[in-house]
Number of protein chains: 2
Amino acid sequence: MTTALSTPTPFRRKSLHAELTDAIRNQIVNGDLAPGIRVPEKDLCTFYGVSRTPLREALKVLATEGLLSLEPNRGAWVSRITPEDLDEVFPVMGALEALSGELACKHISDAEIGHIRVLHRQMLKHYEKRELAKYFEVNQQIHEAILNAARNETLATQYRSLAARVRRARYVANMTQERWAQATDEHEQIMDCLETRDGERLSYVLKLHLENKLETVRQWLQDNHDPA
Amino acid sequence: MTTALSTPTPFRRKSLHAELTDAIRNQIVNGDLAPGIRVPEKDLCTFYGVSRTPLREALKVLATEGLLSLEPNRGAWVSRITPEDLDEVFPVMGALEALSGELACKHISDAEIGHIRVLHRQMLKHYEKRELAKYFEVNQQIHEAILNAARNETLATQYRSLAARVRRARYVANMTQERWAQATDEHEQIMDCLETRDGERLSYVLKLHLENKLETVRQWLQDNHDPA
DNA sequence: AATATGAATTATGAATGCATTTTCATCAGC
DNA sequence: GCTGATGAAAATGCATTCATAATTCATATT
């Protein structure tokens, strides 16, 4: 009874609202749509060449993700990032990241550790050349790989949702040389923990790593805060 | 400059899609819409007497919350609760609840502790009379009060979202006398931690409490699992 | 009888249109 | 000059309509 087609591999095109959600989310996360600005439906409709119906569905989703705030009859704004937001979000991310470290050490394969090792070396090279953007890029890939190793989609989804909210700040946060060196050192420890599969310590290091990152982002926000 | 009206309290009627979201969420969480069943748009439209546009917006939101699953061109289903789901969700809830305990002990006021003490006594009475539904009700209020004491809306939102997903199971989970006694004892400890503001221990107890709850729910799921 | 095929039915995806609310420019009154 | 009123313009909320994909059911074929 086994044929070449015995394994079902359904392929379905994403619906428009889903694609819009992803596209607009990217626009927000990479700062293309700046925090605080209004987002009239009409503008996005003409930009994407779609009607209001699927667009509005996307806006509702992004609002529940915390990237937009909607006011009835008044439309959508890109959520602002206040210092209070950071103080709220980072502890939660810390708890989730700690859990991800713990679980990752339980489930991670040798191949995955190897892959992260490769990413780690790439990141170090970007650090030496002071290529901030590329550093961030690889950095994010490492954290993503750890998250995947935790084998918990619920955890990953929740974490990514929060990360998206603060990543907008992280992108522009210019680290001091000192902080950058420290972060790199912390990543060295993270690598160690993974290779020895020391979940408890990884949990601790990741949380610390994030707390230090909070300081960086908070600093940036103080320097660049826009008047309400 | 502080007047009676210094705190802005904008007064806006919720929009229809928001009310629908809440209403349908309740239907799902309290089991009125059972896990696994199809949810045709038309049925909900006639039930609520609304058109498809706001309804569909609500469905998108509930899908991002994990209560529904949507398949393009095929419609919506109430998410099933599998043992794998529980194994994913509970650890994440555990991490969040641990954090909430830690934060609550930092911020909770004497009045709030007093209020929780009142709820605690109520719960004990329901336990003695073996009133399961009322016990659950007050139980939930206690956890909600702790969550509020943590003073972190982000945390609260994330936690509630996960709690909603498993509450459907919790409602029907019939506890053994043994487990019930144990849970009550754990709540005694929770109360102690709050009154001594021992965040570290509360964190630990809440996590343990949740792990035990997982066992109960998992047991129920084994007994009542419906065939896919 | 069992399976496969294709038309009819039904459901969802997306665009359009109308009603209501906000916004904003203009102007009257103090 | 500032406050508040008025009406036009614009934006949002929701219903309806059209398009397209999925499902169902009758029919044909083996």
Side-chain angles (χ1 to χ4, degrees), chain A residues 1-6 8-25 27-28 33-34 36-65 67-79 228, chain B residues 1 3 5 8-25 27-28 33 36-65 67-79 228:
Chain A
M1 207 29 195
T2 299
T3 75
L5 297 178
S6 61
T9 56
F11 86 72
R12 283 190 174 55
R13 204 165 67 265
K14 263 194 212 175
S15 43
L16 192 47
H17 71 87
E19 297 204 40
L20 282 172
T21 305
D22 292 344
I24 301 172
R25 185 190 297 112
Q27 283 193 293
I28 295 173
L33 288 172
I37 68 166
R38 262 205 90 217
V39 187
E41 295 176 3
K42 192 167 173 288
D43 292 7
L44 285 177
C45 284
T46 55
F47 183 82
Y48 287 109
V50 299
S51 78
R52 284 175 56 216
T53 307
L55 181 90
R56 283 171 57 84
E57 293 173 352
L59 295 186
K60 300 291 176 296
V61 170
L62 293 171
T64 70
E65 291 180 6
L67 292 176
L68 291 176
S69 72
L70 298 178
E71 285 185 53
N73 294 314
R74 288 174 38 87
W77 280 260
V78 178
S79 299
Chain B
M1 209 25 196
T3 74
L5 296 178
T9 57
F11 174 95
R12 288 185 206 294
R13 202 165 73 265
K14 264 196 211 172
S15 40
L16 190 49
H17 67 85
E19 297 204 41
L20 283 172
T21 305
D22 292 343
I24 301 171
R25 186 190 296 113
Q27 282 193 293
I28 296 173
L33 288 171
I37 69 166
R38 261 205 91 220
V39 186
E41 296 177 1
K42 192 165 172 289
D43 292 6
L44 286 176
C45 285
T46 55
F47 183 82
Y48 286 109
V50 298
S51 80
R52 285 175 55 218
T53 308
L55 181 91
R56 283 171 57 84
E57 292 173 352
L59 295 186
K60 301 290 176 294
V61 170
L62 293 171
T64 70
E65 291 180 6
L67 292 175
L68 291 177
S69 72
L70 297 178
E71 284 186 53
N73 294 313
R74 287 175 39 87
W77 279 260
V78 177
S79 301

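Convention: sequence-line order gives letters A, B, ...; per-chain numbering from 1. No experiment lies behind these values; they were computed from the predicted model shown.
A distance of 7.5 Å separates CG in B:Leu68 from CD1 in B:Ile24, rounded to the nearest 0.5 Å.
For the residue pair A:Ser79 and A:Ser69, no side-chain donor N or O sits within less than 3.5 Å of a side-chain acceptor on the partner.
If you measure from atom CG of B:Leu44 to atom C1' of C:dA11, you get 13 Å, rounded to the nearest angstrom. Spacing between atom CD of A:Glu57 and atom C1' of D:dT12 amounts to 15 Å, rounded to whole angstrom units. The nearest whole Å value for the distance from the CG atom in A:Asn73 to the C1' atom in C:dT21 is 5 Å. B:Glu41 has its CD atom 15 Å from the C1' atom of D:dC14, to the nearest Å.
A salt bridge does not link B:Arg38 with B:Asp43: every distance from a Lys NZ or Arg NE/NH1/NH2 to an Asp or Glu carboxylate oxygen is 4.0 Å or more. Using a 4.0 Å cut-off between charged nitrogen and carboxylate oxygen, A:Glu41 and A:Arg52 count as a salt-bridge pair.
Of all heavy-atom pairs spanning B:Ala23 and B:Tyr48, the tightest one is CB-OH, 3.6 Å.
Residues of residues 47-56 of chain B having a heavy atom closer than 4.0 Å to DNA chain C, listed by number: B:Arg52, B:Arg56.
In this model, the phosphate group of C:dT12 is approached by a side-chain N or O of B:Arg38 to a distance below 4.0 Å at OP1 or OP2.
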_Quick one, A:Val50 with A:Glu19, criterion side-chain contact (heavy atoms from CB on, under 4.5 Å). Give me CA distance, side-chain angles, the key distance, then yes/no._
CA-CA 11 Å; A:Val50 299; A:Glu19 297 204 40; over 6 Å; no
